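Atom set for the values below is all heavy atoms of this structure, side chains included, hydrogens, waters and symmetry mates excluded. If you're wondering where the values come from, they're calculated on a predicted model, not measured in any experiment.
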Amino acid sequence: NLFEGIFPSSLNAPHGLELDELRQYQPGDDCRSIDWKATARTGKLHVRMNLVDKRVTMVFLVDKSRSERFGSFRNTKEDVQSAILSILVHAASETGNEIGFITFTDRVENYIRPKAGEKEALIHIKNILHETPSGNCTDLNSVFTFLHKNVLQPALVFILSDFLAPYNYEQSLKTLSSMHEVIPVTILDRMETALPVTRGFLTAQDIETGTTKSLDISTARTTPLPYLTLLKKLHIDHIALSTDEGEEIWIKKISEFFDRRIRRGGRRRR
């Protein structure tokens, strides 16, 4: 399971994934928890006490703006988003976590309060995927502000978006990340970032607003995307996915992301 061992509580027990302490064997302890190296070293039976994994609240912010329908390869960004949402929610609901959803464009489209239950979560995904948004553009600041006001307990927040939005969300993301654990899952298409190595101008149409602009290719190639600079500044790790990848690669990237978090001690004790 992707989320096993991500959030330990302050309690310990023979089961769990992270070692907390060793203690002498007591009647009733599970024999499978005996640490044979410590037993051989001390001459007395010792058992491993591990941190118990804790159920947490998870909230998925799902970008439903028009730019998610773009894709120049086998998948659109919306296809990738749908697959990743299903994978993450299925893994999260298996361990009994409370799961909520917020869909957004340039406004909050729908808010489903966090609840436990795999069957109910999968029904919500189906409804979200068939939801017709009222807006076309993207406003990350509005959904970050909404989440901060409505989810008052610390949560694990996944942001499924291409982050192609007005850069007005620095303060709201900073506030959000100070209370919650934020994991952006950025979904991009290679045609949006792979510019030719040359000088000149490129005419491009904004899929959300319909406006046409001329871009200086040499400047665009050397200017980092604003959200990448901000995530680095706020020390927020993110998962970068692309429309030209397959599901095996997406799952591998997500698994490696959580493995790195555990190895770095990125687990927070609530």
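- Using a 4.5 Å heavy-atom threshold, the side chains of N110 and F101 count as separate.
- Note on residues 77-86: pairs passing salt bridge (charged side-chain N to carboxylate O under 4.0 Å, His left out), not counting sequence neighbours, are K77-D162, K77-E192.
- At a threshold of 4.5 Å between non-hydrogen side-chain atoms, the residues F60 and I99 count as touching.
- Separating the CG atom in L122 from the NE2 atom in H90 is a distance of 7.5 Å, to the nearest 0.5 Å.
- Among residue pairs with one or both ends in residues 58-73, none qualify as salt bridge (charged side-chain N to carboxylate O under 4.0 Å, His left out); sequence neighbours excluded.
- For S142 against V108, the heavy-atom pair with the smallest separation is O-CG2, 4.4 Å.
- Between T138 and D106, the closest side-chain pair of non-hydrogen atoms is not below 4.5 Å.
- A salt bridge is absent between R113 and E98; no separation between the charged side-chain nitrogens and carboxylate oxygens falls under 4.0 Å.
- No continuous path of hydrophobic side-chain contacts links L164 to I84 [ILVMFWY only; heavy atoms under 4.5 Å].
- Under the 3.5 Å distance criterion, with hydrogens and angles disregarded, no donor-acceptor pair is assigned to the side chains of T211 and Q205.
- Listed by first and then second residue, the side-chain hydrogen bond (donor to acceptor under 3.5 Å, both in side chains) pairs that reach into residues 144-154 come to none, sequence neighbours excluded.
- K233 has its side chain out of reach of K174: every pair of non-hydrogen atoms, C-beta onward, lies at least 4.5 Å apart.
- Taking OG of S255 as the start and CZ of F257 as the end, the distance is 11.5 Å to the nearest 0.5 Å.
- Linking ILVMFWY residues whenever their side-chain heavy atoms come closer than 4.5 Å, directly or via other members, places L160 and I254 in the same cluster.
- Cluster annotation: V157 is connected to Y227 through the hydrophobic network of ILVMFWY side chains, with a link wherever side-chain heavy atoms come within less than 4.5 Å.
- Although no hydrogens or angles enter the test, the distance criterion places no donor-acceptor pair under 3.5 Å between the side chain of E170 and the main chain of L230.
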- Take S72 and R190, measure what side-chain contact (heavy atoms from CB on, under 4.5 Å) needs, and give me the verdict at the end. CA-CA 8 Å; S72 61; R190 191 187 299 172; 5.5 Å; no
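- Here the closest heavy-atom approach between residue L140 and residue S161 is recorded as CD2-OG, 4.2 Å.
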- Run the numbers on T203 and S214 for side-chain contact (heavy atoms from CB on, under 4.5 Å), then give the verdict. CA-CA 4 Å; T203 301; S214 294; 4.0 Å; yes
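- By the neighbour-count criterion of 12 heavy atoms within 6.0 Å, atom CZ of R107 is densely surrounded, having more than that number from other residues, nucleotides or ligands.
- Across R48, R41, R23, a single residue satisfies side-chain contact (heavy atoms from CB on, under 4.5 Å) together with D35, and that is R48.
- The NE2 atom of H130 sits 9.0 Å away from atom OG of S82, with the distance rounded to the nearest 0.5 Å.
- Distance check: E256 CD to I239 CD1 gives 10.5 Å after rounding to the nearest 0.5 Å.
- S242 and W250 make their closest contact through O-NE1, 3.4 Å (heavy atoms, listed as atom of the first residue, atom of the second, distance).
- A donor and an acceptor atom, one from each side chain of T243 and D189, are located under 3.5 Å apart.
- Looking at N75, its side chain never comes within 3.5 Å of a backbone N or O of V80 through a donor-acceptor pair.
- Between I87 and I251 the shortest side-chain heavy-atom distance falls below 4.5 Å.
- Atom OG1 of T186 sits about 6.5 Å away from atom CG of L241, to the nearest 0.5 Å.
- With a 4.5 Å cut-off on side-chain heavy atoms, V59 and I102 count as touching.
- Between Y167 and Y169, the gap from one ring centroid to the other is short of 6.0 Å.
- Put simply, CD on E245 and CD1 on I187 are 10.5 Å apart, with the number rounded to the nearest 0.5 Å.
- Residues P154 and T57 come closest through the heavy atom pair O-CB, 4.4 Å.
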- Start with the C-alpha distance between L173 and L231, add both sets of side-chain angles, then the distance that settles side-chain contact (heavy atoms from CB on, under 4.5 Å), and finish with yes or no. CA-CA 9 Å; L173 181 57; L231 294 181; 4.0 Å; yes
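- The heavy-atom pair separating A92 from M58 by the smallest distance is CB-SD, 3.3 Å.
- Side chain of S178 to main chain of T175: a donor-acceptor pair is present (N/O by atom type, distance under 3.5 Å, no hydrogens or angles).
- For E208 against C137, the heavy-atom pair with the smallest separation is OE1-CA, 3.3 Å.
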- Item | side-chain contact (heavy atoms from CB on, under 4.5 Å) evaluation trace for F104 with D139 | CA-CA 8 Å; F104 68 95; D139 186 355; over 6 Å; no
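- Transitive grouping of hydrophobic side chains (ILVMFWY, heavy atoms separated by less than 4.5 Å) brings W36 and V47 into a common cluster.
- I159 is not listed as a side-chain neighbour of I183, based on a closest heavy-atom distance of 4.5 Å or more.
- Transitive grouping of hydrophobic side chains (ILVMFWY, heavy atoms separated by less than 4.5 Å) brings L129 and L88 into a common cluster.
- Residues H238 and L228 form a side-chain contact, since some pair of their non-hydrogen atoms from C-beta on lies under 4.5 Å apart.
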